[in-house]
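Every heavy atom of this structure was used, including side-chain atoms; hydrogens, water molecules and symmetry mates were not.
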Protein chains: 2
Amino acid sequence: MMTQAIRKTRNPEQTRNDLLSAAYTEILESGFQAASLERILANTSVSKGALYHHFGTKRELGLAVVEEVIAPQLAARWFAPFAEHDDPLASLQRILEEKINTADESVIRYGCPLNNLIQEMSPLDEAFRHGLQQILDRWVEVMATALTEGQLARKVRADLEPKEAALFIVAAIEGCVGLGKNAQSVEAYQRCLRQLQLYVQSLAA
Amino acid sequence: MMTQAIRKTRNPEQTRNDLLSAAYTEILESGFQAASLERILANTSVSKGALYHHFGTKRELGLAVVEEVIAPQLAARWFAPFAEHDDPLASLQRILEEKINTADESVIRYGCPLNNLIQEMSPLDEAFRHGLQQILDRWVEVMATALTEGQLARKVRADLEPKEAALFIVAAIEGCVGLGKNAQSVEAYQRCLRQLQLYVQSLAA
DNA sequence: TACAAGATACCGACCAATCGGTATCTTGTC
DNA sequence: GACAAGATACCGATTGGTCGGTATCTTGTA
């Protein structure tokens with residue numbers, strides 16, 4: 001009956017990516033439950049019909065954001081750098097140093113997307129919890145493996161239990177981001193990470 | 001026109017407390033934004049009129065929960081134990097040991113109410129952020145003071161910077177709770193806190 | 001001491017707005 | 001022509017909040 005707002009050329013892949021990207025932002029800013037599909041659509045000029053063509057429910061969209069946006073992002077920023085050298089503590093120090101120096105405004109304002117969703121969704125939705133846990137597991141595993149190799153190279157204290165220490169380091173990182181976020185203070189974030197650096201230093205052989 | 005459902009004796013103080021208590025539970029389970037006033041009322045058999053007599057808005061109710069429920073609860077569980085002895089590290093070890101041994105089901109399931117609200121609300125509402133920050137500030141201050149006194153008593157390493165270390169310890173605690181919550185695993189929570197204990201141990205003079 | 005007047009506490013029907021989701025249609029592409 | 005992709009009108013449910021009224025408690029005054 002009426003002329004439709006037109007997307008002259010179709011590009012389903014791009015449409016899907018646009019939705020994922022806008023949903024990621026909306027979820028980061030508002031949380032998942034308070035994330036509004038209407039706002040996501042308004043920010044993408046994608047229609048509701050298109051959204052529900054690509055994703056069956058809001059929940060599916062959220063899970064896709066976890067697996068296809070958040071997971072790769074964290075992997076690139078935190079996991080990948082470990083693969084480079086045989087000295088995991090040096091790698092970790094370098095990563096932390098970089099986080100301290102380039103303390104992102106977005107990190108201070110909105111915190112870590114992974115941690116945000118953990119606190120909000122893990123008690124409410126098992127699928128979310130599982131998706132998030134997979135990311136955590138990989139993170140801990142990458143770090144533990146690196147620590148073990150560091151022990152073989154005599155660069156990490158032999159009495160250290162890699163898996164336990166890795167778990168703690170991940171916890172500490174998320175804690176630092178959380179405190180910096182509530183203080184809305186780059187400095188608090190940096191000070192907190194500096195203490196983590198001192199801890200990491202103490203793990204050297 | 002119709003006879004009202006009766007509260008035989010008036011008790012405004014109790015009504016207010018009932019509301020705070022039910023709101024605390026609802027917020028812990030669902031987060032603030034997703035917390036439903038209807039559900040809170042259903043759990044208290046308090047009327048909507050009564051609610052809006054005591055609290056101007058949902059937001060005010062939430063802020064009251066932060067200041068009047070969460071703050072005292074954390075103070076009792078984490079701050080108070082420090083006042084007892086002159087050896088802050090021993091106090092902290094004892095507190096952590098107790099947390100490990102009595103790992104509450106509620107903590108594993110719903111996490112730390114302070115941390116939950118930080119992640120959800122601090123970017124969205126300045127008043128929330130401020131209320132939560134006051135709790136964090138007090139927590140860090142109590143711990144830093146204890147560490148300083150521990151240094152005077154030669155029980156804590158002299159080169160330690162109390163405020164920095166206290167900030168980090170609080171971050172680590174919240175991180176441990178967060179990881180345990182997503183893993184839905186008492187063990188993960190305990191393992192994480194054990195590593196924190198090792199760190200605390202390393203601060204001894 | 002009695003009692004009127006006013007303040008406080010509480011009730012529950014109702015409201016507009018927003019929510020996620022559906023149904024039906026058109027349009028682009030192979 | 002078949003079917004995927006996209007558009008839009010619409011739905012019931014739920015949301016936080018309002019409002020006119022009522023019940024009870026406190027207080028000033030004679």
Side-chain angles (χ1 to χ4, degrees), chain A residues 1-27 29-65 120-121 124-125 127-128, chain B residues 1-27 29-65 120-121 124-125 127-128:
Chain A
M1 47 168 60
M2 272 195 59
T3 58
Q4 308 192 177
I6 354 70
R7 220 162 234 253
K8 32 228 91 183
T9 44
R10 281 190 174 168
N11 194 339
E13 199 170 331
Q14 159 123 28
T15 300
R16 215 186 106 99
N17 285 339
D18 287 352
L19 286 169
L20 283 175
S21 171
Y24 168 79
T25 302
E26 171 74 7
I27 290 173
E29 293 177 359
S30 305
F32 174 75
Q33 296 180 97
S36 161
L37 296 182
E38 303 286 349
R39 277 198 298 267
I40 292 173
L41 295 176
N43 286 333
T44 47
S45 55
V46 166
S47 70
K48 195 164 244 191
L51 191 161
Y52 275 94
H53 175 77
H54 287 282
F55 302 97
T57 60
K58 181 191 181 186
R59 182 166 172 267
E60 278 185 26
L61 174 61
L63 291 171
V65 166
E120 180 188 4
M121 295 305 296
L124 298 179
D125 190 307
F128 266 92
Chain B
M1 49 168 60
M2 271 197 59
T3 57
Q4 307 193 177
I6 359 66
R7 213 156 240 257
K8 38 230 91 192
T9 45
R10 280 192 178 179
N11 196 338
E13 202 169 330
Q14 160 120 30
T15 300
R16 216 187 103 98
N17 285 340
D18 286 352
L19 286 169
L20 283 176
S21 171
Y24 168 79
T25 302
E26 171 74 7
I27 290 172
E29 293 178 359
S30 304
F32 174 74
Q33 296 180 97
S36 161
L37 296 182
E38 303 287 348
R39 278 198 298 267
I40 292 173
L41 296 176
N43 287 332
T44 47
S45 53
V46 167
S47 70
K48 194 161 247 190
L51 191 160
Y52 275 93
H53 174 74
H54 287 282
F55 303 96
T57 60
K58 181 190 180 187
R59 183 167 172 264
E60 278 185 26
L61 174 60
L63 292 171
V65 167
E120 180 187 5
M121 295 304 296
L124 298 180
D125 191 307
F128 265 92

Of the residues in residues 30-38 of chain A, which ones touch DNA chain D at a heavy-atom distance under 4.0 Å? none
Taken in chain and number order and not counting sequence neighbours, the residues that satisfy side chain to side chain donor-acceptor pair (under 3.5 Å) with Tyr52(B) are none
Are Gln33(B) and Glu120(B) side-chain neighbours, meaning at least one heavy-atom pair lies under 4.5 Å? yes
Partner residues of Glu60(A) under the side chain to side chain contact (heavy atoms under 4.5 Å, CB included) criterion, sequence neighbours left out: Thr57(A)
Ser30(B) and Arg39(B), any side-chain heavy atoms less than 4.5 Å apart: yes
Under the side chain to side chain contact (heavy atoms under 4.5 Å, CB included) test, which residues partner Leu63(B), sequence neighbours left out? Arg59(B), Ala127(B), Phe128(B)
CG of Leu19(A) versus P of dA5(D): gap in Å, rounded? 13 Å
Return the value, rounded to whole Å, for the distance between atom CG of Asn11(B) and atom P of dC10(C). 8 Å
Can you list everything that forms a side chain to side chain donor-acceptor pair (under 3.5 Å) with Lys48(B)? Sequence neighbours excluded, please. Glu38(B)
Given the options Ile40(A), Thr44(A), Leu37(A), Glu26(A) meets side chain to side chain contact (heavy atoms under 4.5 Å, CB included) only with Ile40(A)
Could you tell me how far apart Ile40(A) (CD1) and dT18(C) (C1') are, to the nearest whole angstrom? 15 Å
Give the minimum heavy-atom separation between Ala35(A) and Ile27(A), together with the two atoms involved. CB-CG1, 4.1 Å
In residues 47-59 of chain A, which ones come under 4.0 Å of DNA chain D, going by heavy atoms? Ser47(A), Lys48(A), Gly49(A), Ala50(A), His53(A), His54(A)
With sequence neighbours left out, write down each residue that passes side chain to side chain contact (heavy atoms under 4.5 Å, CB included) with Leu20(A), or none if nothing qualifies. Arg16(A), Asn17(A), Phe55(A), Leu61(A), Ala64(A), Val65(A), Glu68(A), Val69(A)
Rounded to whole Å, CD of Glu13(A) lies from P of dG28(C) at a distance of 21 Å
Would you work out how much the helix from dT1(C)-dA30(D) to dC30(C)-dG1(D) bends between its ends, with each end axis defined by five base pairs, to 10 degrees? 10°
Below 4.0 Å: OP1/OP2 of dG6(D) and any side-chain N or O of Thr15(A): yes
Whole angstrom is fine here: how far is it from CD in Glu60(B) over to P in dT18(D)? 11 Å
Rounded to the nearest angstrom, tell me the gap between atom CD in Gln14(A) and atom C1' in dT29(C). 17 Å
For Leu41(B) and dT14(D), give me the distance from atom CG to atom P, rounded to whole Å. 15 Å
Does any non-hydrogen side-chain atom of Leu41(A) lie less than 4.5 Å from one of Leu19(A)? yes
With sequence neighbours excluded, residues passing side chain to side chain contact (heavy atoms under 4.5 Å, CB included) with Thr25(A): Glu29(A)
